[in-house]
Amino acid sequence: MPAKQYEILALTMRYWFVLLILYIFVRSLVSTVRYLSNVKATAEESTGNIPFVLVLFALTAFVLLSLNGELDVLTLLMGILVCSTFLFQYLLLCYLFGGIDRYLLLMVDTLCIVGFIMLQRLQPALAFRQVEWFGLGSIFLLLTILYVKFFKHWDKLNYPLMIIGLGVLILTLAIGKEIGGAKNWIQIWKYNVQPSEFVKIILVFVLSADLKTNKNRLRRLPVLLFTAFVILLVVLQKDLGAAFLYFCLFVFLYYIATSDWLIAAGASFLASLGAFISYHLFGHVRTRIAAWRNPWADVENKGYQIAQSLIAIASGGWVGLGLGLGSPHVIPASKTDFIFAAICEEMGILTGVSIIGLYLLIMVRGVAIALKARKPGDTLLTMGATISLAIQSFTIIGGVVKLIPLTGVTMPFVSYGGSSMLVSFGLLGIVQGIAIKNSQRKQDKDAQQHYEEDEGCDEQEED
Amino acid sequence: MHNSTTRRMKAAMSKRKIKRNTIGVLLVLTALYLSLIAYFCYAVLFYGSRWFADSYNTRVKMDETNPRIIPGSIMDRNGVVLAETKDELVKNPTTGKDEKYYFRAYHNEAASVAHVVGFNHSKYGRMGVEAFYIYYLMGYNNSLIEKIYQKAFLPQERGNDVVLTLDFRLQDYVSELMRKQGKRGGVVLLNPKTGEILTMVSYPTFNPNDMEKVDDDSLVNRATQGLYPPGSIFKLITAASALENIEDIRQRKFNCTGAVEFDGERIQCYKGEAHGQLDLAQALAVSCNTTFASLGIEIGWKDLLKTGKKFGFNDDFLFSDIKVKPSSLSISYKTSKQEMAWTAVGQGRVLVTPLHMAMIAATIANDGVMMEPKLLYSVVGRNGNIQKQLKPDVYRKVLDKENAEVLKNMMVKVVLEGTGKQAQSNRITIAGKTGTAEEGSKDQPNKNLAWFVGFAPVDNPTLAIAVLLEDVGQGETGGTQAAPLARKVLEKAVELGY
């Protein structure tokens with residue numbers, strides 16, 4: 001299609017995309033509010049036409065992208081691949097597990113699809129790889145669901161997990177590769193893997209397994225030490241985002257489990273002290289802070305990333321410049337850390353706000369599932385996964401829009417990256433696993449009630 | 001049996017606690033996300049246009065050989081074209097063919113508006129209106145239908161024309177005056193009722209048609225980007241604060257002995273002259289340092305800062321039309337007595353831009369209401385349809401009418417019988433305040449600043465002015481240097497019908 005015709009098409013279509021994203025967001029919002037207000041409800045509410053709208057969104061976007069220049073059949077095929085992969089994953093999971101939280105799954109898939117579209121526009125080869133990771137991530141999701149649902153004694157694995165976690169981090173420090181200023185990558189075969197992502201899951205399991213039982217502080221010492229070492233190791237790798245994430249995870253989970261203000265406040269104090277010391281000790285921390293406080297003071301060097309990100313967001317305006325009409329390649333790391341700015345530029349700030357809203361709803365639903373869990377261990381596990389996802393997306397989006405200093409973490413489900421995709425789906429698997437357990441319990445209870453009513457017996461049921 | 005019940009009760013208790021804490025965490029995380037959304041929207045709404053206009057935004061860079069969009073023209077309020085896009089055929093050195101080459105061409109006398117209009121150059125980037133209004137110039141404000149029409153039916157898209165509130169004749173006149181004067185500095189003339197900027201000159205200047213020979217110093221727009229100690233013109237703020245915070249100030253008599261000491265720091269009047277018995281109006285007229293220094297200490301940092309903030313000090317100045325460096329008034333509970341005394345006479349912890357000082361004079365002239373400075377008169381679309389028209393906005397209500405009236409009369413007195421006598425004109429009535437700020441040291445005596453701020457005509461002010469001259473020598477003051485220049489500018493403006 002000639003350039004001008006494509007421009008006209010893209011200019012018009014941007015309203016359509018914003019509309020669909022907003023529709024999905026509003027429907028999810030309404031459903032989540034309803035879900036929260038009804039204590040007894042499980043997550044099996046009908047999702048209506050959302051899967052259809054999502055497929056429509058993906059298809060139109062890929063068709064539009066394929067029309068840029070010569071008709072690109074590969075892009076069209078990619079669109080079909082994305083839609084079929086999504087539908088297969090969604091329908092299969094819904095079929096396998098009746099109690100799965102469908103809205104949660106759909107919101108995550110919406111984020112993934114927005115990511116695919118943006119990656120296809122930025123670098124088609126990466127989009128294809130990302131769909132592969134999506135497939136692998138879905139398998140990982142399935143495995144975590146099964147693990148959480150059937151494997152009862154995961155606290156027995158605590159010590160092996162702790163050793164593995166420390167081991168890979170020390171290994172990274174020893175033989176790791178430095179990419180983008182942080183030495184947190186290991187090369188396995190031909191893939192670059194980020195071990196600190198996987199340690200996140202380990203940390204969630206270890207912390208919730210340890211915290212679910214009442215112990216005095218001394219007997220928690222191994223886990224406390226483990227957390228401290230893990231944080232120290234990622235700080236040494238210059239991975240400040242991961243350190244912040246681990247820390248938040250620990251403080252929140254510890255507080256939830258023990259209501260122990262003392263340790264939580266003490267940890268916060270230590271963390272601020274650590275931040276203060278590292279500010280004065282490490283140049284890269286100072287650079288980050290300076291770039292955050294005023295990126296315009298040194299636009300050419302330190303502030304370049306953030307300044308370009310802000311310029312891109314402002315150029316997009318509310319509905320964006322139109323897919324393929326902006327220049328997101330100017331933004332550094334536009335495929336990974338700064339993909340939010342690229343999305344805002346071409347798909348609009350309204351899409352950006354909807355994405356933040358979707359992360360918020362994912363968090364709220366996660367917490368709701370945690371609240372409905374019966375065992376304290378399940379509540380903690382779900383909260384760990386939810387907090388981890390919520391803090392990570394907050395950290396990166398906040399960094400990109402200059403609310404907080406930038407730390408290099410990926411945007412869960414959207415940024416390009418295999419480790420991030422797998423781990424994010426793993427965390428989702430934890431939440432979904434508990435959701436399925438909840439709904440099964442409720443079903444059993446209902447069945448029991450029916451049975452009791454039939455028998456005419458009013459014995460108190462035990463919970 | 002009993003033991004197991006208590007254990008179960010304990011477990012239930014801890015479960016309830018866990019749920020309660022979970023809800024607490026939910027609230028914290030929700031608050032985080034809501035603040036993220038709120039900040040995001042706030043930042044985009046208030047700073048978005050500035051980010052977009054940044055000269056590092058390559059999206060709006062003009063392509064020289066094959067521009068997708070041809071930027072519109074920039075005109076003054078009478079339609080004089082100050083900048084436009086032109087093209088010419090240039091032989092391509094590699095292919096040997098003639099190719100169209102697009103560039104921005106500026107008015108022949110563009111040096112006089114150079115700082116306001118700025119430039120859009122492939123090598124030197126963008127500055128001034130060329131940068132700040134690139135959104136309009138490149139047609140980003142066009143409606144969807146207009147954009148589609150242009151893409152479908154025009155060979156090249158057209159940006160919109162921007163009409164400024166400047167009067168080129170006045171601008172040229174002031175620029176010429178400044179050139180004759182030969183001192184670096186800035187002049188701002190605006191309409192106190194609407195905030196329209198009629199003239200904004202910075203000297204030295206440059207020729208945007210010939211960017212090869214430009215040095216960095218002449219690129220600075222001193223009117224909006226130059227921060228200077230205000231010297232005695234800051235006494236207007238001190239006087240306003242005194243009027244608001246000290247009850248009997250209008251009846252009070254001061255006694256000036258020519259110098260006063262605070263904690264060992266000696267503050268003198270100009271040339272150590274003792275002014276004797278005088279009231280506030282007389283003190284302002286003769287610009288008595290000792291009176292205002294002691295007034296500053298009496299008012300205290302809190303109230304002086306409050307008045308200063310009302311006048312726009314320490315504010316980010318997020319004006320829609322123009323980028324202005326924030327003026328600073330950095331006093332706090334830590335400020336010592338000596339520093340307070342110096343600040344009250346405009347010599348301590350205070351810095352202003354000429355534009356801001358013009359706004360302060362305009363506020364006093366406009367019954368205490370500060371208007372937002374406006375530079376954009378209108379945006380004209382492809383068919384001459386007006387897409388955006390100047391709409392005066394109140395920036396702040398600074399003073400009540402009564403105090404503004406008192407200050408106004410005091411400023412009249414400055415010109416009639418005080419330091420501003422040289423601003424007197426036989427054609428119009430002018431009110432104002434002079435200032436001489438010391439920036440120099442003993443080695444560089446010619447480094448003082450001369451200020452004049454004022455307004456005219458007195459009974460119905462339609463003009464407010466700020467004049468700043470750098471490199472003023474020993475014995476030269478705002479009264480002798482800046483005041484006559486201001487008078488000439490105001491006379492010319494009235495002659496042109498403003």
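No experiment lies behind these values; they were computed from the predicted model shown.
Judged by distance alone, the side chain of A:Glu346 and the main-chain N or O of A:Gly326 form a donor-acceptor pair under 3.5 Å.
Contacts between B:Tyr140 and chain A at a heavy-atom distance below 4.5 Å involve the side chain alone, from C-beta outward. For A:Val330, the part lying near chain B is the side chain, with the backbone staying farther off; criterion is any non-hydrogen pair under 4.5 Å. Contacts between B:Leu45 and chain A at a heavy-atom distance below 4.5 Å involve the side chain alone, from C-beta outward. For chain B, no part of A:Ala368 is nearby; none of its heavy atoms comes within less than 4.5 Å. There is no contact between B:Ala53 and chain A, counting heavy-atom distances below 4.5 Å. Residue contact with chain A, scored on non-hydrogen atoms closer than 4.5 Å, involves the backbone and the side chain of B:Phe52 alike. When heavy atoms are compared at a cutoff of 4.5 Å, B:Arg20 approaches chain A solely by way of its side chain, counted from C-beta outward. Only the side chain of B:Thr58 comes within contact range of chain A, with heavy atoms under 4.5 Å apart. Heavy atoms of A:Glu345 lying under 4.5 Å from chain B belong exclusively to its side chain. In this structure, chain B has a heavy atom under 4.5 Å from the side chain of A:Leu321, while its backbone stays farther away. A:Lys375 does not touch chain B: none of its heavy atoms, backbone or side chain, sits under 4.5 Å away. Residue A:Leu361: no heavy atom, backbone or side chain, is found under 4.5 Å from chain B. Looking at B:Val60, neither its backbone nor its side chain comes within 4.5 Å of chain A, counting heavy atoms on both sides. Neither the backbone nor the side chain of A:Ala307 comes within contact range of chain B, judged by heavy atoms closer than 4.5 Å. Proximity to chain A involves both the backbone and the side chain of B:Leu29, based on heavy atoms less than 4.5 angstrom apart.
Here B:Asp63 does not pair with B:Arg68 in a salt bridge; the nearest charged N to carboxylate O distance is not below 4.0 Å. Salt-bridge check for B:Asp393 with B:Lys374: passed, with a basic side-chain N closer than 4.0 Å to an acidic carboxylate O. Ion pairing between a basic and an acidic side chain is recognised when a charged N comes within 4.0 Å of a carboxylate O; B:Arg222 and B:Asp217 show such pairing.
Ranking B:Lys19, B:Arg50, B:Arg59 against chain A, the residue ahead of the rest is B:Arg59, based on heavy-atom pairs under 4.5 Å. Heavy-atom pairs under 4.5 Å with chain B were tallied for A:Ile313, A:Val367, A:Val364; the largest tally goes to A:Val367. Comparing A:Leu403, A:Ile404, A:Thr258 by how many heavy-atom pairs each has under 4.5 Å with chain B, the most go to A:Leu403. The candidate from A:Leu380, A:Thr379, A:Ile349, A:Thr386 with the greatest count of non-hydrogen atom pairs under 4.5 Å with chain B is A:Ile349.
In summary, the aromatic rings of B:Tyr33 and B:Phe40 are positioned with their centroids too far apart to meet the 6.0 Å limit. Outside the 6.0 Å centre-distance limit, the rings of A:Tyr304 and B:Tyr56 are not counted as a close aromatic pair.
No more than 12 heavy atoms of other residues, nucleotides or ligands sit less than 6.0 Å from atom NZ of B:Lys17.
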Show your working on side-chain contact (heavy atoms from CB on, under 4.5 Å) between B:Met211 and B:Phe119 and close with a plain yes or no. CA-CA 9 Å; B:Met211 292 293 297; B:Phe119 51 82; 3.6 Å; yes
Pair B:Arg382, B:Leu154 - check side-chain contact (heavy atoms from CB on, under 4.5 Å), show working. CA-CA 11 Å; B:Arg382 187 171 47 87; B:Leu154 297 186; 3.6 Å; yes
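Shortest non-hydrogen contact noted between B:Ala83 and B:Arg104 is CB-NH2, 4.1 Å.
Note on ring orientation: taking the six-membered ring where Trp is involved, the planes of B:Trp51 and B:Tyr47 are parallel (angle under 30°, cut-offs 30° and 60°).
For B:Lys151, the side chain to side chain donor-acceptor pair (under 3.5 Å) test picks out A:Glu7, B:Glu157, with sequence neighbours left out.
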